[in-house]
Amino acid sequence: MQFAQIILPLNLKGTFTYKVPADFLDKIEVGMRVLVPFRGKKIYTGIVAELFNDFEETFVPKEIINLLDNQPIVPQQQLEFWNWLSSYYLCNLGEIYRLAFPSSLKLESETYVRLLSERTIDWQNLDANETYLLQALEVRQMLNLQEIEAFIPKKEIIKTINALIDERYISVDEKITEKYKAKEVAYLRINRDELNIKIHLAEVISSLKKAKKQQELFLLLLDKETENPDKPVRKSDIFDEGNFNQSQVKLLIEKKLIQEYYLEKYRIESYEGKIEEIEELTDIQKTAILEINQAFEEDKNVLLHGVTSSGKTHIYLEKIEDCVIAGENVLLLLPEIALTKQITIRLEKKYGKKLGFYHNKLTDFERVEVWKKIKNNELQILIGTRNSLFLPYENLGLIIVDEEHDSAYRQRDQSFFFNAKDSAMMLAEFYQSRLILGSATPSLESYDLAMKDKLRYVVLNERFGEVDLPEFKIIDIKEAQNQKKIVGNFSQTMIDEINRQLEERKQTIILHNRRGYANVVECETCGHVTYCSNCDVVMTYHKASNELKCHYCGHRASKPISCPSCNSDNLNTRGIGVEQIEEEVQKIFSDSEVDRMDVDSMRKKFAYEKLYEKLENGETDILVGTQMISKGLDFDNIELVAIPKADSMIHVQDFRAEERAYQLITQVAGRAGRISGKGKILIQTYNPLHSVFELIKNQNIKETYQYFLDERKKFLYPPFVKLIMIELKHRKEDKVNRASQFLGSIFRKYIPEECILGPEKSPIARLNNLYQYQVLLKFPKNRNYRIYKELLLKSFDEFDEITAYKSVKKDVFVDF
DNA sequence: AGCACGCCGACT
DNA sequence: GTCGGCGTGCTC
């Protein structure tokens, strides 16, 4: 095994070939980390992807500098998973590696400068920056670029360093620094090396008779050690008891009677409370379990379609327990970690320290710790967001994807686009483990797979405790307007119903899925509206903070007092946001406590916790909110959900809009009447006959999904075609425009016309100062897909040959 | 991706 | 005249 293919943490195609030095020949394995030089002096941590002997020397490979692991850190299954992701989502392995690893595990060399002693410095001929740098180096012989940035402007650093190198005053080098430091905790113990307790004990104690506190402390330590010889005594625990202080400890250490030592501690506090058993299942749940077991026996994965509050969690807990008993580990994926309290609490109570969390709110060091625990097989269950797909599991037996329809699984954050739900299905395959997708409102794609028995369809169609499902009522706003039975955005019917709830001391949820106070601030005189300076998007008015915000790039501006264009103060707002609904509700139900839950109101620290408590204590009468309120709010006292402007949800230019509206409404509806079964949902609309509202009202799952599937089939959307979107971005509009035209023409050379839509401007033509164009491809879902994908790759290669378009950023969204 | 090399506009 | 802009090319 003379050579190795190495994955580098760079967004570059393919892997790189390095020579394995003789010392590592018998140690190196696929999946280990290595240090390799890349491009001059720079050093990266790479992953061994492949080892082989024969190599046609078309170039001279460099040597691996060092081996960082004694055993593979990336399991074989993960490497297979990476390869699959790379070929399926058309992204580079390097991008995946970057996303998968906490950055502390990917050491990179750092450039630093060092003072050369061979020349005496001629201070007269130096400019100010050069003088600063040399002076600094006389104090601290080595400085890295960041440290230099503190006293030399960024732009001048390179110039200064180059000048000093030319003068042979300094040299530049690369150095690897260990970033991860395990947190260490201090412990105390009797110094048994120095004294033989049995012989000297009396002597020691009497020697301390003038220092009562020290004597006491020594005896306490002795007690603790005798009582529980294997339990280390934490220094902080001694202090916590309040009797002792640092100086007594110090003196005892000086007398060599006790010792202080350090142990590595995991930064993440884990549950230390009592461990509880889970409750008994209902008959319906038991049947579902049997069905799941049957499916698993047949090597089938499961779609668990459980109506809201049917107790999907119970099923999860049961299957998790089965898996743990079998000695295998479990991954529970959640769309977001923050809003899912109850399931985590229950698991914590049952599994205590065997449970781990992994999500984007952890610090990098915390991530490394979870990583290590998984690697050492110290965790039986991991609860995490999409990134936890990449942890180095060894014996994964079960993956559960909760709320599998949730769009958080298909988000595009910093890295490439991938669908965590679909990826989880592949990961399960590589690990030969089981998979359960769970939702009250499964995605159409999953439902379709279930109907074809590619996933076993298991239904829980009854609420826990045989509680009735909520009742839906559609209110025609036009009719209410005609009869003048309307106040603002609220029909009299809705107001009456909310009042009834208030009288009965029940809580009400009002859903309005649009942030801010008003969509647009418009000048009535000249029609001027304020656009974001970075994006082609109108700015939303937020009354609470009295400013305009761009919901895409986060740009903020103060609200204009008069029109910036014609100076008229005849400004008006259009498009109702959740803040305005809250204001209205406040006015109509002036005696009640109204709260709002949206991204903006939840930004403050503990805002969520505070609101949660208010709701739990029944202080909040009416909760107004965006889609956020559909998640994790399980309170017994909520009976009414009101949706005053439901139309806004279906009038979105997106083929998933109706599906999402259905899911959102059904999910919010699930908050109502969880215990009493008297849940009621009021939906106000101008289109009471719209199919989506009809379907929601009828609550016929089969009919609903059939309708959606028919629509998708009619307009050629997933799951009937493979959808791939290519987005091109550049600072200059004409450049992206030309690039996208060119890409379109290449596609048309190889791919049938009917599969190609565009190129055209993206719905948001400019985002963060980048102009965006997109091409949409609809490929058949049969065996031909492979051929089409080949043609797509060929087209990309041809496109990439044009160097002028290299600066155009190309993003590929497969199954977006 | 990042980093160096190389050719054109706004400044001492 | 230079400095620094970013277009282009390359990395085992």
Side-chain angles (χ1 to χ4, degrees), chain A residues 1-21 24 28 30 33-67 86 90-101 103 106-113 127-130 144-146 148-149 152-163 165-166 172-174 413-416 728-732 734-736 738-739 742 769-770 796-797 799-812:
Chain A
M1 294 299 174
Q2 293 283 295
F3 300 96
Q5 287 303 119
I6 305 295
I7 304 168
L8 291 177
L10 301 169
N11 191 5
L12 292 171
K13 226 184 205 167
T15 52
F16 293 83
T17 311
Y18 285 85
K19 200 165 168 336
V20 183
F24 303 143
I28 195 164
V30 168
R33 290 178 304 155
V34 289
L35 287 184
V36 291
F38 189 75
R39 201 175 200 289
K41 285 181 175 171
K42 195 85 182 151
I43 295 165
Y44 289 100
T45 306
I47 303 289
V48 182
E50 199 189 322
L51 290 164
F52 56 99
N53 278 315
D54 336 294
F55 172 65
E56 279 176 56
E57 297 240 356
T58 50
F59 56 87
V60 185
K62 292 188 176 171
E63 279 206 348
I64 288 170
I65 298 174
N66 208 349
L67 205 54
S86 161
L90 306 175
C91 61
N92 290 319
L93 279 171
E95 288 183 88
I96 300 171
Y97 168 34
R98 278 187 162 195
L99 179 76
F101 267 60
S103 49
K106 300 173 295 212
L107 307 175
E108 253 180 58
S109 66
E110 204 173 31
T111 309
Y112 69 96
V113 288
D127 73 17
N129 285 335
E130 290 163 12
N144 69 29
L145 294 183
Q146 266 146 36
I148 298 171
E149 248 175 62
I152 297 180
K154 223 175 185 166
K155 286 181 181 169
E156 293 163 32
I157 289 180
I158 299 294
K159 200 180 88 188
T160 308
I161 290 175
N162 282 338
I165 289 173
D166 287 347
V172 172
D173 247 316
E174 293 285 324
D413 28 37
Q414 348 77 15
S415 204
F416 60 95
L728 299 180
K729 300 176 192 197
H730 195 274
R731 220 159 14 87
K732 297 213 175 74
D734 64 317
K735 187 144 192 166
V736 241
R738 272 183 286 122
F742 179 62
N769 284 320
L770 295 176
F796 281 159
D797 284 341
F799 178 81
D800 291 341
E801 274 170 33
I802 307 299
T803 53
Y805 295 146
K806 279 253 166 77
S807 58
V808 177
K809 188 154 169 42
K810 181 176 82 217
D811 288 324
V812 184

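Residue numbers start from 1 in every chain, and the chains themselves are labelled A, B, ... in the order their sequence lines are given, proteins ahead of strands. Predicted, not measured: the structure shown is a model, and the values here were computed from it.
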- Query: Looking at residues at least two apart in the chain, or sitting in another chain, which of them share a side chain to side chain contact (heavy atoms under 4.5 Å, CB included) with I802(A)?
  - Reply: F742(A), A804(A), Y805(A)
- Residues in side chain to side chain donor-acceptor pair (under 3.5 Å) contact with K42(A), at least two apart in sequence or another chain: none
- Atom-pair distance (CD1 on I161(A); P on dC3(B)), nearest Å: 12 Å
Return all side-chain donor-acceptor pairs below 3.5 angstrom for residues 12-20 of chain A, not counting sequence neighbours, or 'none' if the list is empty.
| from | atom 1 | to | atom 2 | distance (Å) |
| --- | --- | --- | --- | --- |
| K13(A) | NZ | D797(A) | OD1 | 2.9 |
| T15(A) | OG1 | Q5(A) | NE2 | 2.7 |
| T17(A) | OG1 | Q5(A) | OE1 | 2.6 |
| Y18(A) | OH | P37(A) | O | 2.6 |

- Where along nucleotides 5-12 of chain B does protein come under 4.0 Å, by heavy atom, of base (B) or sugar-phosphate alone (S), with - for untouched nucleotides? --------
- Using salt bridge (charged side-chain N to carboxylate O under 4.0 Å, His left out) as the criterion, list what pairs up with D734(A), not counting sequence neighbours. R738(A)
Enumerate, atom names and distances included, each donor-acceptor pair closer than 3.5 Å involving a side-chain atom of residues 94-101 of chain A, sequence neighbours excluded.
| from | atom 1 | to | atom 2 | distance (Å) |
| --- | --- | --- | --- | --- |
| E95(A) | OE2 | N92(A) | N | 3.2 |
| Y97(A) | OH | T45(A) | O | 2.6 |
| R98(A) | NE | P9(A) | O | 2.6 |
| R98(A) | NH2 | P9(A) | O | 3.3 |

- Query: Which residues satisfy the side chain to side chain donor-acceptor pair (under 3.5 Å) test with S415(A), sequence neighbours excluded?
  - Reply: none
- Message: Just to verify, what does F24(A) make a ring-ring contact (aromatic ring centres under 6.0 Å, His included) with, not counting sequence neighbours?
- Response: none
- Note: K729(A)-D811(A) ion pair, threshold 4.0 Å (strictly below): yes
- nucleotides 1-12 of chain C: protein proximity per nucleotide (B base, S sugar-phosphate only, - neither; heavy atom, under 4.0 Å): ---SS-SSBBBB
